[in-house]
Amino acid sequence: MRKLVVRGLTALVLLAVIGNLRGQNAGGSGARTIEDFRLEGVAIWQCQCPAYGCPCQQNGLPTRGMCHASDFAHIEKGRYGKVSLDGLNVVMVGNLVDGKPDRLFATLYVDKAATPEQSDALARIVEYMNDLANQPPVPFRRVKTVPITFHESPDQTEYAVDIPAILQEKALLKRNKSGRPQFTMPAMDLWGNTVHNADNVKFTYNDSEAGQRWDYSGHYTNLKYFDVTTEMYAEQQMLGEHGDNSGKWTQKQLEIIRRQGLEGK
């Protein structure tokens with residue numbers, strides 16, 4: 001009986017969040033309602049661009065017009081206000097970058113292991129970052145609670161994500177002789193300002209409710225170890241906050257790259 005009550009509360013919270021996300025995406029009000037947060041963990045981006053060739057990362061538009069993609073994050077340690085988010089997962093999947101805003105869409109998948117309070121916090125954080133760092137913001141069609149499994153190999157080279165019957169991802173991160181990621185570059189990203197290009201071993205998606213199904217295994221993927229805070233966004237330290245899809249870095253982005261010492265990455 002208790003499980004049914006908890007599930008019912010979770011559903012009500014997520015329905016409320018969906019309404020908030022839709023309203024905030026339309027009016028851009030997410031930045032005014034966010035609580036203080038700090039998140040540390042691992043994030044994976046996979047999309048339909050050719051391997052090692054994703055112009056969206058550096059202020060461009062998709063090579064194929066739209067960008068069927070997945071933006072996943074595993075939070076090793078995190079908080080939203082007083083709410084702990086340690087060990088939880090969240091992923092946004094859809095057409096996440098497009099020169100035609102009316103074609104943008106996403107489903108937000110929230111870890112089933114989260115409490116209703118944690119689910120609300122995760123959704124609010126992703127919406128906040130999306131509202132500020134995606135130009136234009138991606139509209140959320142739905143928020144779904146699902147079991148999300150994340151795997152990281154002991155040597156931090158193999159990563160996998162699984163939502164049963166919906167999303168499967170696997171990425172391999174190459175490291176140099178010193179043990180550092182082999183390919184690193186400044187990039188527009190919700191979770192930080194640098195990414196490590198990796199090998200896309202698997203990227204399949206099938207959600208009948210979203211009306212989407214694809215297999216972009218072997219296409220583009222990147223990985224990053226993030227430490228992101230509310231202050232970084234509020235102080236406009238994120239490259240994504242200054243994008244214009246022109247295909248080259250804007251002046252403000254170049255200033256951030258110089259100030260943060262990202263030129264050689």
Side-chain angles (χ1 to χ4, degrees), residues 41-74 89-101 103-109 126 130 133-135 138 141 146 148-153 156-175 181-208 210-226 239-240 243 245 247-248 265:
V42 184
I44 302 169
W45 169 277
Q46 290 189 309
C47 68
Q48 68 185 98
C49 277
Y52 305 113
C54 183
C56 310
Q57 302 294 305
Q58 300 193 331
N59 201 31
L61 287 172
T63 56
R64 303 186 182 183
M66 61 177 58
C67 182
H68 286 159
S70 166
D71 194 359
F72 166 85
H74 169 72
N89 303 300
V90 64
V91 57
M92 177 169 60
V93 185
N95 181 27
L96 305 186
V97 187
D98 200 313
K100 297 181 179 180
R103 297 193 302 193
L104 293 167
F105 66 87
T107 297
L108 185 66
Y109 299 92
V126 174
N130 169 61
N134 282 329
Q135 306 298 327
V138 181
R141 291 181 178 173
V146 294
I148 306 176
T149 302
F150 170 70
H151 167 76
E152 178 183 48
S153 65
Q156 295 184 305
T157 59
E158 181 179 308
Y159 294 83
V161 179
D162 181 64
I163 300 176
I166 295 178
L167 177 68
Q168 289 76 43
E169 300 186 44
K170 185 176 181 180
L172 295 179
L173 179 66
K174 293 181 179 178
R175 294 183 177 273
Q182 189 169 348
F183 304 105
T184 303
M185 66 178 185
M188 293 169 57
D189 190 89
L190 294 187
W191 303 95
N193 286 335
T194 59
V195 302
H196 311 301
N197 287 339
D199 290 335
N200 179 337
V201 177
K202 189 170 187 178
F203 178 28
T204 60
Y205 178 61
N206 184 7
D207 189 334
S208 58
Q212 298 294 322
R213 180 176 183 175
W214 63 64
D215 184 346
Y216 291 121
S217 302
H219 289 237
Y220 181 76
T221 191
N222 68 51
L223 185 139
K224 45 264 173 180
Y225 304 100
F226 61 83
L239 292 173
N245 299 323
K248 59 182 181 180
K265 294 184 178 182

With sequence neighbours left out, what residues match [X] under side chain to side chain donor-acceptor pair (under 3.5 Å)?
| X | value |
| --- | --- |
| N134 | N130 |
| N245 | none |
| N206 | none |
| T63 | none |

Residues two or more places apart in sequence or in another chain: which of them pass side chain to side chain contact (heavy atoms under 4.5 Å, CB included) with [X]?
| X | answer |
| --- | --- |
| P181 | L173, R175, T184, H196 |
| K100 | D98, D102, R103 |
| A160 | H151 |
| C54 | W45, C47, C49, C56, Q57, Y220 |

Given side chains that start at C-beta, do those of V42 and Y159 come closer than 4.5 Å, heavy atoms only?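 Sidechains of Y159 and V42: in contact.
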Any side-chain heavy-atom pair from V161 and V91 closer than 4.5 angstrom?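 V161 does not reach V91 side chain to side chain.
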Would you find a donor on one side and an acceptor on the other, under 3.5 Å apart, between the side chain of [X] and the backbone of [Y]?
| X | Y | answer |
| --- | --- | --- |
| N200 | Y216 | yes |
| N89 | I148 | yes |
| N95 | C67 | yes |
| N193 | L239 | yes |
| S217 | F203 | yes |
| Q58 | K248 | no |

For Y205, all residues meeting ring pair (Phe, Tyr, Trp, His ring centres under 6.0 Å), sequence neighbours excluded: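 Here the qualifying residues are W214.
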Sequence neighbours left out, what passes ring pair (Phe, Tyr, Trp, His ring centres under 6.0 Å) with F72? Give chain and number order.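 Applying ring pair (Phe, Tyr, Trp, His ring centres under 6.0 Å) to F72 gives F150.
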Could you give all pairs that pass the salt bridge (Lys or Arg N to Asp or Glu O under 4.0 Å) test and reach residues 182-199, with sequence neighbours left out?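 Every salt bridge (Lys or Arg N to Asp or Glu O under 4.0 Å) pair that includes a residue of residues 182-199, provided the two are not neighbours, is K174-D199, D189-K224.
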Pairs satisfying salt bridge (Lys or Arg N to Asp or Glu O under 4.0 Å), at least one member in residues 157-171, at least two apart: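 Counting only pairs at least two positions apart or across chains, the salt bridge (Lys or Arg N to Asp or Glu O under 4.0 Å) contacts touching residues 157-171 are E158-K170.
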Atom CG of D71 and atom CG of L190: how far apart are they, to the nearest 0.5 Å?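 If we round to the nearest 0.5 Å, D71:CG and L190:CG are 5.0 Å apart.
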Nearest heavy-atom neighbours spanning F226 and H74: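 Smallest interatomic distance, heavy atoms only, reads CZ-O, 3.7 Å.
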Closest non-hydrogen atom pair between M92 and A106, with its separation: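 Of all heavy-atom pairs spanning M92 and A106, the closest is CG-CB, 3.7 Å.
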If you apply the rule side-chain hydrogen bond (donor to acceptor under 3.5 Å, both in side chains), what do you find for S70 with Q46, and how did you get there? CA-CA 5 Å; S70 166; Q46 290 189 309; 5.7 Å; no
